Asks: 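Quick one: the structure is below, questions incoming.
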Amino acid sequence: MDGMEEGEKKEQKGKGGGILTNELFSELFVSELTAKAIREMNYTHLTQIQARSIPHLMVGDDVLGSARTGSGKTLAFLIPAIELLHNARFTPRNGTVVIVVCPTRELAIQTHDVAKKLMKYHSQTLGYVIGGTNMRSEANQLVKGVNLLVATPGRLLDHLKSTGGFNYKGLKCLIIDEADRILEQNFEEDMKQIFKRLPQNKQTVLFSATQTQRVEDFANFTFGKKEERQRKLVY
Ligand code: ADP
Ligand code: MG
C-alpha cells in the first residue's frame with residue numbers, strides 16, 4: 001500500500017493522507033471489470049470518505065460530500081459513476097450519461113486520468129472538455145458520444161450552447177468536484193446556466209474540501225425540488 005507505514009495501526013493513511021478504514025475494495029459490490037482495475041492501481045482499503053459515500057452514490061442518492069484535500073474523493077465519485085455506466089450497458093449512442101465538473105483544467109485532466117485507469121476494462125467512452133483547447137476537436141468527440149465527460153464549467157457551457165449533436169438528454173448523473181473552489185472562482189453563474197440546460201431528473205453529487213454555508217446553499221440549489229430522491233450529507 002502506497003505510503004502506509006508499518007506499525008501504524010490506528011490511523012493508517014493512504015498516499016494522499018486519507019484515513020484508511022478496515023473496508024476492503026475486494027468486498028465492495030462492483031463489477032469485476034472495475035475490481036480488476038482497482039487491484040492494478042494497488043488500492044486495498046477504502047478511505048473514510050469513500051466508505052461513507054460510495055454506498056449512497058451506488059443507490060442513486062444525491063450526495064454532498066466534504067473531506068479535506070487528499071482524502072480520496074476522486075475514487076469516491078468515479079467508482080459509482082463507472083458502475084452506473086456499466087450496469088446500464090451504455091454505449092456511445094446513449095451520449096453523455098455522467099458529467100464531472102472540475103474548477104480547473106489541471107484537475108479535469110487529473111480526474112480524467114484516474115477515470116481512464118478505472119475504465120481500462122470497460123467499453124464505455126470517456127473524454128474531457130476544458131478551456132484553452134480546440135473547441136472543434138472537442139465537439140467532434142462529443143458528437144461521437146462521450147459517456148463519462150470531465151469538464152471545466154466555462155467550456156462545458158460553451159458546448160451545451162453551441163455544439164449541435166452533443167447528446168446530453170440522457171444525462172443520469174452530474175458530479176461537481178471541488179464545489180468550494182468552483183464558487184471561489186466565480187463559476188456560480190456558469191453553473192446555474194449549466195443546470196438550466198441539463199435534464200432535471202438526475203443524480204446530483206457535490207464534493208468539497210471545506211464545509212461552508214455557501215457550498216450548502218449551492219447544494220440545495222442544485223439538488224432542487226426532487227422530493228423522491230434521498231439526499232445524504234457525508235464527511
Ligand atoms: P481528494 O480529491 O480528496 O483531494 P484524491 O482523490 O486526489 O483526494 O486522492 C489523493 C491521493 O490519495 C491520490 O494519490 C490517490 O491515489 C490516493 N488514494 C485515494 N484513495 C485511496 C485508497 N483507498 N487507498 C490508498 N490511497 C488512496
Ligand atoms: Mg479532489
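Remember, it's 1-based here, ligands and their atoms both numbered in the order they're listed. Here the structure is a predicted model, which is why all the values come from computation and not from measurement.
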Asks: May I ask whether Arg68 places a heavy atom under 4.0 Å from ligand 1?
Replies: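 For ligand 1, residue contact (heavy atoms, under 4.0 Å) with Arg68 is present.
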Asks: Examine the proximity of ligand 1 to Gln50 and report which part, side chain or backbone, both or neither, has a heavy atom under 4.0 Å away.
Replies: side chain
Asks: Please state which option from Phe77, Tyr43, Phe207 has its nearest heavy atom closest to atom 26 (N) of ligand 1.
Replies: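 Result: the heavy atom closest to atom 26 (N) of ligand 1 is in Tyr43.
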Asks: Would a hydrophobic clustering, with Ile, Leu, Val, Met, Phe, Trp and Tyr connected at side-chain separations under 4.5 Å, put Val146 with Val143?
Replies: no
Asks: Mark the output for Gly70 as yes if a heavy-atom distance to ligand 1 is under 4.0 Å, and as no if none is.
Replies: yes
Asks: Heavy atoms only: give me the nearest Asn147-Gly95 pair and the separation to one decimal.
Replies: ND2-O, 2.9 Å
Asks: Under a heavy-atom criterion of less than 4.0 Å, does Ser71 contact ligand 1?
Replies: yes
Asks: Would you call the rings of Phe195 and Phe218 parallel, tilted or perpendicular, taking 30° and 60° as the class edges?
Replies: tilted
Asks: Report, in ascending order of atom number, the atoms of ligand 1 lying under 4.0 Å from any heavy atom of Leu75.
Replies: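 Under 4.0 Å from Leu75, ligand 1 has these atoms: 20 (N).
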Asks: Between the side chains of Glu32 and Arg39, is the shortest nitrogen-to-carboxylate-oxygen separation below 4.0 Å, so that they form an ion pair?
Replies: yes
Asks: Of the choices Val114, Thr74, Thr47, which has the non-hydrogen atom that lies closest to atom 7 (O) of ligand 1?
Replies: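 Among Val114, Thr74, Thr47, the closest heavy atom to atom 7 (O) of ligand 1 comes from Thr74.
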Asks: What are the atoms of ligand 1, with element, lying closer than 4.0 Å to any heavy atom of Thr69?
Replies: 4 (O)
